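It should be emphasised that the depicted structure is a prediction, and the values quoted were computed from it without experimental measurement. Chain identifiers are assigned alphabetically (A, B, ...) following the order of the sequence lines, protein sequences preceding nucleic acid strands; residue numbering begins at 1 within each chain.
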Amino acid sequence: MADTLNSAQMDAVHHLGGPCLVLAGAGSGKTRVITHKIARLLQADYAPSQIAAITFTNKAAQEMRERAKALIGPRAAKDLVVSTFHSLGVRILRTEGERLGLKPQFSILDSDDVLGVLKDAGGSSDNALARRWQWTISLWKNQGLNADSVEPQNDDERIAQQVMKRYEERLAAYQAVDFDDLIGLPHQLFQRDDEARAKWQNTLRYLLVDEYQDTNAIQYELLKSLAGERAMFTAVGDDDQSIYGWRGATIENLRRLPNEYPQLKVIPLEQNYRSTGHILRAANAVIGHNPKLFEKKLWSDLGDGDPVQVVECDNEEHEAERAVARIQSLRAQGGALVNAGGQGGEVAFKDFAVLYRANHQARVFEKALRRAEIPYKVSGGQSFFDRAEIKDLCAWLRLLVNNDDDPAFLRAVTTPKRGIGHQTLGALGEFSKRFKTSLYEALFAESLGTVLNARAIGSLHEFGRYVNDLEYRARHTSGSEDAKALLLGWLKDIDYEKHLYEGEDSEKLAASRWTNVLDFVDWIAKRCGGEIENDGGATFETEKKTVLDVAQTISVIISLAERGDEQDVVTLSTLHASKGLEWPHVVLAGVNEGLLPFKSDDDEMTPERLEEERRLMYVGITRARRTLAVNVLRRRKKGRDTVQAIPSRFIGEMKLHEAKSKEDPREKLRLLREAAAKRAAQADVKP
DNA sequence: GCCGCCCGACTTTTT
DNA sequence: GTCGGGCGGC
């Protein structure tokens, strides 16, 4: 991307006099606009602490802060308010809690906590039912409703309303709030307390909102009251990438903006710096089938590039094989298909992504990639390993596998605290650096006595001997039962349960962490195998693995996860999780009716739903920089059996044939398919 | 009433 | 490949 801003980006950055809506098409450099606008605001004498950039996820907030820091320097970046909606809400509630009758140390319930409270409040032990209540109540709260203002439409909703009433009472009694309250309560406060509202309006004098199309009704209201009369804000979003309607986001928020702020300056960013022409034309063609809120058409000056390929596959396994073959052949050719575009050069695994509608579609791709020995990661997935308690234990396991893993050593030696402090570790670190050894190695060095006193050395040796002993036992223990005993013994030795309860002020949270730990132990133990299995009359023992073997596999998973995007691996991701990301080569998997657009058997496809599915397709297409393969299944699995599969109507909507002759036999076939898709569309959509 | 087995389904996700 | 629900047997 050029180092300068284009003229639309420039307009967006320099419009400071009033409300501003930036319609940032895919790949149009919206983060650049936000960070440059922050810099511009600083020039215009806003203090960093008066500028709030609001995002949806912690990850996005973190990235935004990094990007801003690179532009404006660490000192100014430190005071910027870069925060998610929810953490901003926490901040408001912590300072203003009193005015809402909330103790300063209220607790925030996570999703599991809420489920528990709901089961209790609703007098049901049925998880699925409680989840449905949770879902319904959350959607209501996101619309700014409470148990008294809800108007139930059916019996289920009437029950949910009653449960909600009791749920509200319980939260008040517990002095607890849920995630939705983090937005809803500050909003209520600002509605009725002019003083508090004025105070915050003066604290946060300029608001920048990222992914504006993902805001829900209540977030919109909160923004509106924060912005106040002055209306100093920039909303950045793209109605064509609104894919979270199902969790309460509403593009109404985009539609109402020009009405509620007549002075609103709307600036479309249409130049795309990501994809080549064929890909962009396909994207524009697809999204052209949706009714338009704002006129916007992406263009790029990166040349036509390679045509979008429709890849026909017999079934899911074949599809995965073809995707693997595509990865291998593109790598072999150095990325050149028809038009290399930029430089050919090396094509790395990390240049590829396979995107799909639903998580379970990843499995068959994982299998094929493993067989082809292609490294991959499944994105968006398991955050289990991200949990602090699991990381603690993994540090120990990593240390057992590799004694020289210094970060693991540091975490293990201080978890739990065992009287080895900063001083000791600092000295050990210096020592290890000087003699170019690992920390673990340094611990046993004869000459360590020159830098540390006997007591410190004693503690270190005790730790070292324990690790040594544990490693020996882990190396010689296998089978589920023995492994479990070993692991539980270890946790008891280090008194980890106590450590959890001491480190956590909420007993409940500590208990849930301990449950995670026990799950983790079971998980490892299971992988140590050795269970007697009964297979067709013949009993046999499955192959046993030692605890150390399993720890080794875990270490690999962890180090993959930790290095994150640095790793040269193929990405498997849902379309939802792919938003905001890009890859040179993208494969869209299973572009068939029923999958994309997704349709479940019992609910009917409304036009709104279909439009959101179409935006999902649009998001998928616009992730690709240079090549795009769209996979179509001839047959697909449905439940236990395989059924005929119809190509997605979105294939036809891409208008890939536009410039081609209709005499081409392949083209005729394509047109027939398109007609079939159209018929499917008419059959499925009720007007 | 509880436990175990078998069958079937399997959206999308953040705080 | 996993989880949950439902049914059947003890």
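As a whole-Å value, the separation of A/Trp135 CH2 from B/dT15 C1' is 13 Å. In this structure, CG of A/Leu93 is placed 13 Å from C1' of B/dT15, rounded to the nearest angstrom. In this structure, the CG atom of A/Leu129 is 11 Å from the P atom of C/dG5, given to the nearest Å. What separates CD of A/Gln134 from C1' of B/dT15 is a distance of 12 Å, to the nearest Å. Rounded to an integer number of Å, the gap from A/Ile243 CD1 to B/dT14 C1' is 12 Å. Following rounding to the nearest Å, A/Lys141 (NZ) and B/dT15 (P) show an atom-to-atom distance of 18 Å. Across the protein-nucleic acid pair, A/Glu612 atom CD and B/dT13 atom C1' stand 12 Å apart, rounded to whole Å. Separating the CG atom of A/Asn216 from the P atom of B/dT13 is a distance of 18 Å, rounded to the nearest angstrom.
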Using the 3.5 Å cut-off, write out each protein N or O paired with an N or O of nucleotides 7-11 of chain B and the distance between them.
{"unit_1": "B/dG8", "atom_1": "N7", "unit_2": "A/Arg640", "atom_2": "NH2", "d": "3.0"}
{"unit_1": "B/dA9", "atom_1": "N6", "unit_2": "A/Arg640", "atom_2": "NH2", "d": "3.4"}

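B/dT12 adopts an anti glycosidic conformation, its chi angle falling more than 90° from 0.
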Exercise for the section: Could you go through the salt bridge (Lys or Arg N to Asp or Glu O under 4.0 Å) check for A/Glu612 and A/Arg615 one step at a time? Expected result: CA-CA 5 Å; A/Glu612 184 152 316; A/Arg615 292 192 288 269; 3.5 Å; yes
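Aromatic ring pairs are classed by plane angle as parallel below 30°, tilted from 30° to 60° and perpendicular above 60°; the pair A/Phe179 and A/His86 is perpendicular.
Within 4.0 Å of A/Asn58, counting heavy atoms only, lie sugar-phosphate atoms of the nucleic acid but no base atom.
Between A/Lys637 and A/Asn315 the shortest side-chain heavy-atom distance does not fall below 4.5 Å.
Considering only residues two or more places apart in sequence or on other chains, A/Glu96 meets the side chain to side chain contact (heavy atoms under 4.5 Å, CB included) condition with A/Ile92, A/Arg99, A/Leu189, A/Ala196, A/Lys199, A/Trp200. Taking A/Tyr212 as the reference, nothing meets the ring pair (Phe, Tyr, Trp, His ring centres under 6.0 Å) condition, with sequence neighbours excluded.
In this structure, A/Ala217 and A/Asn253 approach most closely via the heavy-atom pair N-ND2, 4.2 Å.
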